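Below is one structure; the comments refer to it alone.
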Amino acid sequence: MPEIATAPAPVAGAVNAWFRKSARPLPWREPGCSPWGIVVSEFMLQQTPVARVLPQWQAWLERWPTPASLAAVPSGEAVRAWNRLGYPRRALWLHACAVTIAEQHGGVVPADVDELLALPGIGPYTARAVAAFAYGIRVPVVDTNVRRVLARAIDGRAEPAPPAAARDLAAMSAQLPADATEARVFNAAAMELGAVVCTARAPRCDECPIAAVCAWRAAGYPAYDGPRRAAQKKYEGSDRQVRGLIMRELRAAHIPVTDAELAGLWPDAAQLTRALDGLLADGLAVAADGGYTLP
DNA sequence: TAGCCGTGGCA
DNA sequence: TTGCCAAGGCT
């Protein structure tokens with residue numbers, strides 16, 4: 001029997017065994033979780049840590065257990081319930097996503113990656129995550145954790161190269177077990193490994209199930225030598241901070257917030273206007289009689 | 001396509 | 001304290 005290029009994935013075997021033994025018990029991984037529950041979790045987890053998502057996710061699904069139930073309320077209710085998860089446009093997109101599912105998919109979350117990609121707020125990562133985790137479709141799921149795990153374990157680099165969709169998907173595909181069940185587990189397990197062991201800072205290599213085959217470890221942990229990502233802009237004093245202050249006010253209010261009230265939120269009037277205009281353009285705020293409200 | 005978009009915890 | 005980081009997506 002000839003050797004084939006797509007190796008039989010000793011990595012996946014070890015990572016899956018570790019995952020089955022020690023994965024965090026997250027509710028959206030429970031067998032009974034609905035596809036909609038998976039969708040909601042994926043929206044909330046976009047750039048927001050698990051610990052902050054957990055309570056919000058449970059409350060959200062109790063209130064809106066189906067896409068149709070969310071689609072039936074104004075989008076502003078979704079934005080208000082989003083509370084302080086951050087990036088409130090995600091709440092708007094999740095609501096729009098629910099409307100589209102209700103109107104164009106009979107209220108059923110699609111299983112097809114291309115149909116998922118067509119939905120608001122669903123990009124390359126989320127589409128594959130929903131297909132894989134909600135429906136068991138054998139597709140590679142690549143997020144920042146997976147990219148880091150593969151960069152280290154397979155490529156022997158401290159950090160992944162800048163994202164390149166085709167290459168990243170191919171790299172994950174090369175490790176993905178042929179069996180659909182094992183593939184689904186590995187998609188979750190690789191992410192979990194990156195989230196709790198193979199972390200960006202201070203990886204816990206002594207707890208790693210694939211330390212023995214890790215290329216980065218074998219190479220002596222060489223430092224990253226590629227291009228640096230642009231540093232995140234300072235938040236304090238930024239437009240983002242001002243937008244956050246305005247949104248907090250709109251969420252708390254049940255009658256229109258006036259210009260005078262907004263003026264008390266921030267000393268720089270020009271910046272305040274710029275932030276408000278941005279929120280209006282994004283559809284996160286709307287002009288009402290005498291002020292502004294959630295949509 | 002690079003910049004933008006919230007919020008909070010941690011080192 | 002300051003900067004980095006966190007299951008991305010949109011324009």
Side-chain angles (χ1 to χ4, degrees), chain A residues 19 23-24 26-29 33 37-57 79 82-94 96-97 116-134 139-150 159-160 162-165 168 172 184 186-196 198-204 224 227-251 274-275 277-285:
Chain A
F19 181 81
R24 296 168 294 177
L26 302 177
W28 44 85
R29 288 180 184 154
C33 182
I38 306 281
V39 169
V40 173
S41 78
E42 295 300 344
F43 269 81
M44 290 184 170
L45 288 164
Q46 290 170 3
Q47 301 287 281
T48 301
V50 166
R52 291 175 53 206
V53 165
L54 273 172
Q56 293 278 90
W57 180 84
V79 175
W82 198 254
N83 200 12
R84 307 193 66 158
L85 277 180
Y87 292 144
R89 288 189 294 191
R90 290 182 294 163
L92 225 43
W93 292 332
L94 179 55
C97 186
L116 287 161
L117 280 171
L119 297 173
I122 293 190
Y125 161 74
T126 304
R128 289 178 176 79
V130 171
F133 302 142
V139 289
V141 180
V142 177
D143 76 331
T144 184
N145 290 306
V146 170
R147 286 170 24 75
R148 184 174 55 252
V149 167
L150 294 178
E159 295 177 35
D168 293 340
M172 184 58 172
R184 182 179 57 75
F186 183 60
N187 276 318
M191 291 171 59
E192 180 81 351
L193 187 66
V196 306
C198 193
T199 52
R201 291 176 297 190
R204 300 169 174 81
Y224 180 67
R228 275 287 156 195
R229 272 190 319 225
Q232 187 169 303
K233 261 186 152 177
K234 187 175 155 88
Y235 181 69
E236 193 69 26
S238 67
D239 285 6
R240 296 165 77 170
Q241 183 184 18
V242 183
R243 286 170 57 105
L245 290 172
I246 297 173
M247 288 307 298
R248 185 163 67 180
E249 199 73 9
L250 295 182
R251 284 194 307 266
R274 188 166 67 238
D277 287 346
L279 292 172
L280 290 166
D282 289 344
L284 283 165

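Remember, predicted model here, so these are calculated numbers, not experimental data.
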Round to the nearest Å and state the distance from [X] atom [atom1] to [N] atom [atom2].
X: A:L45; N: B:dT7; atom1: CG; atom2: P; answer: 17 Å
X: A:R240; N: C:dA6; atom1: CZ; atom2: C1'; answer: 13 Å
X: A:Y87; N: B:dG6; atom1: OH; atom2: P; answer: 8 Å
X: A:F43; N: B:dG6; atom1: CZ; atom2: C1'; answer: 17 Å
X: A:E159; N: C:dC5; atom1: CD; atom2: P; answer: 7 Å
X: A:L92; N: B:dG6; atom1: CG; atom2: P; answer: 11 Å
X: A:K234; N: B:dG6; atom1: NZ; atom2: P; answer: 18 Å
X: A:M172; N: C:dA7; atom1: CE; atom2: P; answer: 14 Å

Spell out yes or no: do the side chain of A:R52 and the base of B:dG8 have one donor N/O and one acceptor N/O closer than 3.5 Å?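 Side chain to base: no pair below 3.5 Å.
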Should the side chain of A:T48 and the base of B:dG6 be counted as holding a donor-acceptor pair, with the cut-off at 3.5 Å?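 Indeed, a donor on one side and an acceptor on the other fall under 3.5 Å apart.
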Heavy atoms only, 4.0 Å cut-off, all strands: where does [X] land among base, sugar-phosphate and nothing?
X: A:L26; result: base
X: A:G86; result: base
X: A:A51; result: nothing
X: A:S41; result: nothing
X: A:W28; result: base
X: A:T199; result: nothing

Side chain of A:R201 only, heavy atoms from C-beta on: which candidate in C:dA7, B:dC10, B:dG6 is closest?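 When the side chain of A:R201 is considered, B:dC10 is the closest of C:dA7, B:dC10, B:dG6.
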By nearest atom, which of the nucleotides C:dG8, B:dG6, B:dC5 is closest to the A:D239 side chain?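 The nucleotide sitting nearest to the side chain is B:dC5.
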Short side-chain donor-acceptor distance under 3.5 Å, A:N187 and A:R184: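 The answer is no; no qualifying pair exists.
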Any donor-acceptor pair under 3.5 Å linking the side-chain atoms of A:Y125 with those of A:Q46?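 On atom types as modelled, these side chains do not qualify, holding no pair under 3.5 Å.
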So, is [X] near the phosphate of [N], with a side-chain N or O under 4.0 Å from OP1 or OP2?
X: A:R84; N: B:dG8; result: yes
X: A:K233; N: B:dG3; result: no
X: A:Q47; N: C:dA6; result: no
X: A:R251; N: B:dT7; result: yes
X: A:Y235; N: B:dT7; result: yes
X: A:R148; N: C:dA6; result: yes

Separation of the [atom1] atoms in [N] and [M], to the nearest angstrom:
N: C:dC4; M: B:dC4; atom1: P; answer: 16 Å
N: C:dC5; M: B:dC5; atom1: C1'; answer: 16 Å
N: B:dT1; M: C:dG8; atom1: C1'; answer: 15 Å
N: C:dA7; M: B:dA11; atom1: P; answer: 16 Å

Identify, between A:A200 and A:L119, the residue whose nearest nucleotide on DNA chain C lies closer to the 5' end.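 Nearest-nucleotide comparison on DNA chain C picks A:A200.
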Relative to the 5' end of DNA chain C, which residue comes earlier, A:P49 or A:L117, by the nucleotide with the nearest heavy atom?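 Closer to the 5' end of DNA chain C: A:P49.
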Where [X] and [Y] come nearest, the two heavy atoms and their spacing:
X: A:Y235; Y: A:S238; value: O-OG, 2.6 Å
X: A:R128; Y: A:V139; value: O-CG2, 3.7 Å
X: A:W57; Y: A:C33; value: CZ2-SG, 3.8 Å

Evaluate side chain to side chain contact (heavy atoms under 4.5 Å, CB included) for A:L250 paired with A:M247, printing each intermediate quantity in order. CA-CA 5 Å; A:L250 295 182; A:M247 288 307 298; 4.2 Å; yes
